[in-house]
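In what follows, chains carry the letters A, B, and so on, assigned in the order in which the sequence lines appear, proteins first and then strands, with residues in each chain numbered from 1.
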Amino acid sequence: MRLTSRPSGARGFFIFIHREFFGGTMAVKEKYEESKLFRIRHSTAHVMAQAVLEKFPGAKYAIGPAIDEGFYYDFDLPRSLTPEDLTEIEERMRQIIRGKFPFVRKEVSAGEARKLFKDQPYKLELIDGLEAGGFDENGEPLFEKPVISTFTHDQFTDLCRGPHVQNTGEIDSSAIKLMSVAGAYWRGDEKRPMLQRIYGTAWYNKEEMEQYLWKLEEAKRRDHRKIGRDLDLFSVVEEIGAGLILWHPKGAMVRKITEDFWMNEHEKSGYQFVYTPHIGKASLWETSGHLGFFKENMFSPLDIEGQSYYLKPMNCPFHIYIYKSQLRSYRDLPIRYAEKGTVYRYERSGVLHGLLRVRGFTQDDAHHFCREDQMPQEIDFVLDFSLKMLRAFGFSDLKAYLSTKPAKSGGDPARWEAAEAALEASLKRYNVEYEVDEGGGAFYGPKIDLKVHDAIGREWQLSTIQFDFNEPEFFDMTYIGEDGQPHRPYMVHRALLGSLERFFGVLIEHYAGAFPVWRAPIQAVVIPIADRHLEYAQKVGDSLKAAGLRVSVDERSERMNAKIRDAQNQKVPYMLVVGDKEIENNQVALRLRGGENPGPIALAAFIDKARQDIEEKI
RNA sequence: GCCGACGUAGCUCAAAGGCAGAGCAGUCGCCUUGUAAGCGACCGGUUAUGGGUUCGAUUCCCAUCGUCGGCUCCA
């Protein structure tokens, strides 16, 4: 029911595990939590806490774990931290590191721990939690109470499970850096106090940290918001509203090419297209369950002749009514309805982000309805189709996440089991690398999410394939079986690109704006050297247009160098310089956006080359 | 929504209680160009919006809108 399109990978660079730490043999992927890097980061968090507490003696400290690319620690401080504070804290941290203080572990009773942290309300709360017994990830109480321990180095003691490095000297003081300060709620709960969180990063050595910082720079360089403005692709303006996207002509061209390809592939593969309205009555969303569990993400209702209507946050109820518009036979199945459905979801202002998190977006949505005996093949079909589509769009490095039945869930357990088995079997059949998230499914059905890796190793979730056992029940969907009796169909929601907005954002960052030729909004710019070459330039432009290329002629009375520079900054794949020599030989002088300069080539030969590049989706 | 930073020309950024500036872009002119910016002139602003303090506010205060970094990683 819920097609999520969240930027879950927006933050996560990969942790590269380097061979040299595994004695030169090819590494089996070490669990991050067991790695030395994890201990280094966690230990660095303690060192930072010491430095912060020295600076603010009355400060309260909360938690400070190692995270994907570093660590953080949350503090309750008398004032807001400034960038200067961070510099100072970082300097003090280096002194502490140079002291080579050993980390000493000590087991304590709950009572001793309370005495030790009597002035630390957050620690006391943690101790209470520990004494009450831990909970596993499903919220079930653990049988054994955890042992309470503290770690001390130098003058600083923290309640901590560990593990840590032997001594602070194991941290490379040139491979740590404090990155930023941000607000964070105690225990992530917005009803609880807001603490100040200091983010830092730590690596084995300086080179690794520099590589990480380089990657951050590179990510900034690829930021789709900046490229979107520089290449005139899209905008978001205050006057219209936050999270609402204006697609400019060049961005719209990229979208159109994406949509055309998408439509063609869907049509070839047995999907039927449908179009549905943008609003629907409140009662519809009552039936679908959205007003029950998705209301906080829906815009306020519109009052129309005394009836409430809601902007649609999803397309499924509409597709269901198309299904229900007539009695369905088992012979009609499977049915596959596809729509580029524009939906609106209320997102809190603080989470909006360029094209990646918006309030109005177009899902490349589809719903499959099938019989039980068709279900495994249908899953094969949809996974195969998804993989083909993502690869065609330039993402061949991908990973799947299979989410199974959560503790709280509806629907027939036998259906859950069958669906999960079908999902996993498909992943195996198509040889997709996957991870299982036990209990991570939505309450209405299991799912597969596909995440792709971009050019600099970041992971982005695009596709989702989700079973839904709720809506067919809520809407009483049936088909008449061979036995003449009504049966409940299986229903699968899927979005391949997620949303066109978000996909476009990922695309921009993946290619840093240099789209492959087949999707470049302008494929070639003709650059006449002097005004007397204009006529020939126009002729070349017309020939290319006739050959189906998207081309523009730079008629400005600028120097050639300026035109080349502009075209290159606009990431146009082909620059075609024409002057006296080219006119004489009916040629164009080809230059590529990477700076390569293949030189003069016959016009006809260039057209062949361009067509071939487009055909091969280069 | 909450915490923090920020909002000055289309873009990137100056000016810190006392006349709002530069580069790029744009317009016009000159130049007629051979692989990443030719030269000159001109145009461009209710300093996000609304209110307040002040003789005077872009600058200080309050509110609103928007942008950015976070608010998931559990001692």
Side-chain angles (χ1 to χ4, degrees), chain A residues 6 8 11-12 32-33 42 45-46 61-74 79-83 113 117 120 122-130 134-135 137 146-151 158-162 179-199 223 225-226 229-230 232 235-243 296 346-354 527-534 557-569 575-582 589-593 595-600:
Chain A
R6 310 213 161 215
S8 56
R11 201 172 301 122
Y32 175 48
E33 290 73 19
H42 192 175
H46 278 223
Y61 54 126
I63 58 168
I67 55 175
D68 282 354
E69 290 150 350
F71 58 90
Y72 67 77
Y73 214 115
D74 289 345
R79 65 169 173 83
S80 295
L81 290 166
T82 63
F117 295 101
Q120 292 294 336
Y122 302 105
K123 298 293 177 191
L124 289 173
E125 192 178 325
L126 292 169
I127 295 164
D128 289 345
L130 288 169
F135 294 90
E137 52 269 26
V147 174
I148 300 178
S149 58
T150 62
F151 275 82
D158 198 357
L159 184 71
C160 181
R161 178 175 52 201
M179 306 297 288
S180 61
V181 188
Y185 298 106
W186 169 233
R187 307 213 126 175
D189 181 346
E190 53 191 89
K191 294 185 187 69
R192 318 226 32 201
M194 173 74 69
L195 306 173
Q196 292 191 65
R197 173 170 297 180
I198 305 177
Y199 282 97
D223 191 319
R225 293 165 300 185
K226 178 172 166 45
R229 190 173 48 234
D230 291 347
D232 194 17
S235 62
V236 184
V237 302
E238 186 175 342
E239 289 77 358
I240 292 173
E296 65 198 34
Y346 167 70
E347 297 281 1
R348 295 185 301 171
S349 53
V351 306
L352 299 173
H353 183 87
I527 298 176
I529 292 174
D531 288 348
R532 67 174 181 281
H533 308 126
L534 241 173
S557 177
E558 283 289 348
R559 291 176 71 215
M560 178 200 65
N561 278 332
K563 295 179 187 177
I564 286 176
R565 184 186 143 85
D566 289 345
Q568 196 136 331
N569 283 337
M575 281 153 268
L576 307 174
V577 177
V578 296
D580 294 333
K581 285 181 269 180
E582 286 73 24
L590 178 61
R591 183 191 165 98
L592 306 178
R593 60 187 159 188
E596 307 92 319
N597 194 357

- Task: Using only side-chain N and O atoms of A:His353, determine if any of them is under 4.0 Å from OP1 or OP2 of B:rG69.
- Result: yes

- Message: Of the options B:rC74, B:rA36, B:rU33, whose atoms approach the side-chain atoms of A:Gln568 most closely?
- Response: B:rA36

- Item | Dot-bracket pairing map - RNA chain B, Watson-Crick plus G-U, both contacts under 3.5 Å, | cross-strand | (((((((..((((....[..)))).(((((.......))))).....(((((..]....))))))))))))....

- Considering only side-chain heavy atoms of A:Lys581, which listed nucleotide, B:rC73, B:rG34, B:rC2, is closest? B:rG34

- Message: Using 0.5 Å steps for rounding, measure from the CE atom of A:Met575 to the NZ atom of A:Lys563.
- Response: 14.0 Å

- Query: Which residue, A:Asp580 or A:His42, contacts RNA chain B at a nucleotide closer to its 5' end, judged by nearest heavy atom?
  - Reply: A:Asp580

- Message: Any salt bridge linking A:Arg192 with A:Glu125? Criterion: basic side-chain nitrogen under 4.0 Å from a carboxylate oxygen.
- Response: yes

- Query: Does B:rA36 fall in syn (glycosidic angle within 90° of 0) or anti?
  - Reply: anti

- Item | Atom pair CG/CD of A:Asp580 and A:Glu582 - distance to nearest 0.5 Å | 8.5 Å

- Which pair of non-hydrogen atoms, one from A:Ala62 and one from A:Leu126, has the smallest distance, and what is that distance? O-CD1, 4.1 Å

- Message: Can you tell me which nucleotide in B:rG69, B:rG7, B:rA36 comes closest to the side chain of A:Asn561?
- Response: B:rA36

- Can you tell me how far C1' in B:rG18 sits from the matching atom in B:rC11, rounded to whole Å? 30 Å

- Looking only at side-chain N and O atoms, does A:Ser180 come under 4.0 Å of OP1 or OP2 in B:rG70? no

- Tightest non-hydrogen contact, residues A:Val236 and A:Gly241, listed as CG1-O, 3.9 Å

- Message: From the set B:rC2, B:rU35, B:rU33, return the single nucleotide nearest to any side-chain atom of A:Tyr185.
- Response: B:rC2

- Task: Report the nucleotide, chosen from B:rU35, B:rG34, B:rU32, that has the shortest atom-to-atom distance to any side-chain atom of A:Ser557.
- Result: B:rU32

- Measure the CZ-NE2 distance between A:Phe71 and A:His46 for me, rounded to the nearest 0.5 Å. 11.0 Å

- Query: What interatomic distance, in whole Å, is found between C1' of B:rC6 and the corresponding atom of B:rU58?
  - Reply: 14 Å

- Tell me whether the OP1 or OP2 atom of B:rU12 has a side-chain N or O from A:Arg229 closer than 4.0 Å. yes

- Message: For a quick test of reading the model: is some side-chain N or O of A:Arg225 closer than 4.0 Å to OP1 or OP2 of B:rG69?
- Response: yes

- Look at A:Arg187 together with A:Asp189 and state whether they make a salt bridge at an N to O cut-off of under 4.0 Å. no

- Message: Among B:rU33, B:rG70, B:rA37, which nucleotide has an atom closest to any side-chain atom of A:Arg532?
- Response: B:rU33

- Task: Could you work out which one of B:rU33, B:rG38, B:rU35 sits closest to the side chain of A:Ala589?
- Result: B:rU35

- Using a cut-off of strictly less than 4.0 Å, decide whether A:Arg559 has a side-chain nitrogen or oxygen near OP1 or OP2 of B:rG34. no

- With a cut-off of 6.0 Å (strictly less than), are more than 12 heavy atoms of other residues, nucleotides or ligands near CD of A:Glu596? yes

- Whole-Å C1' distance, B:rA57 and B:rU47: 11 Å

- Message: Within the 4.0 Å heavy-atom criterion, would you say A:Tyr199 contacts the bases, only the backbone, or no part of the nucleic acid?
- Response: sugar-phosphate

- Task: Write down the distance separating the C1' atoms in B:rC42 and B:rC61, rounded off to the nearest Å.
- Result: 40 Å

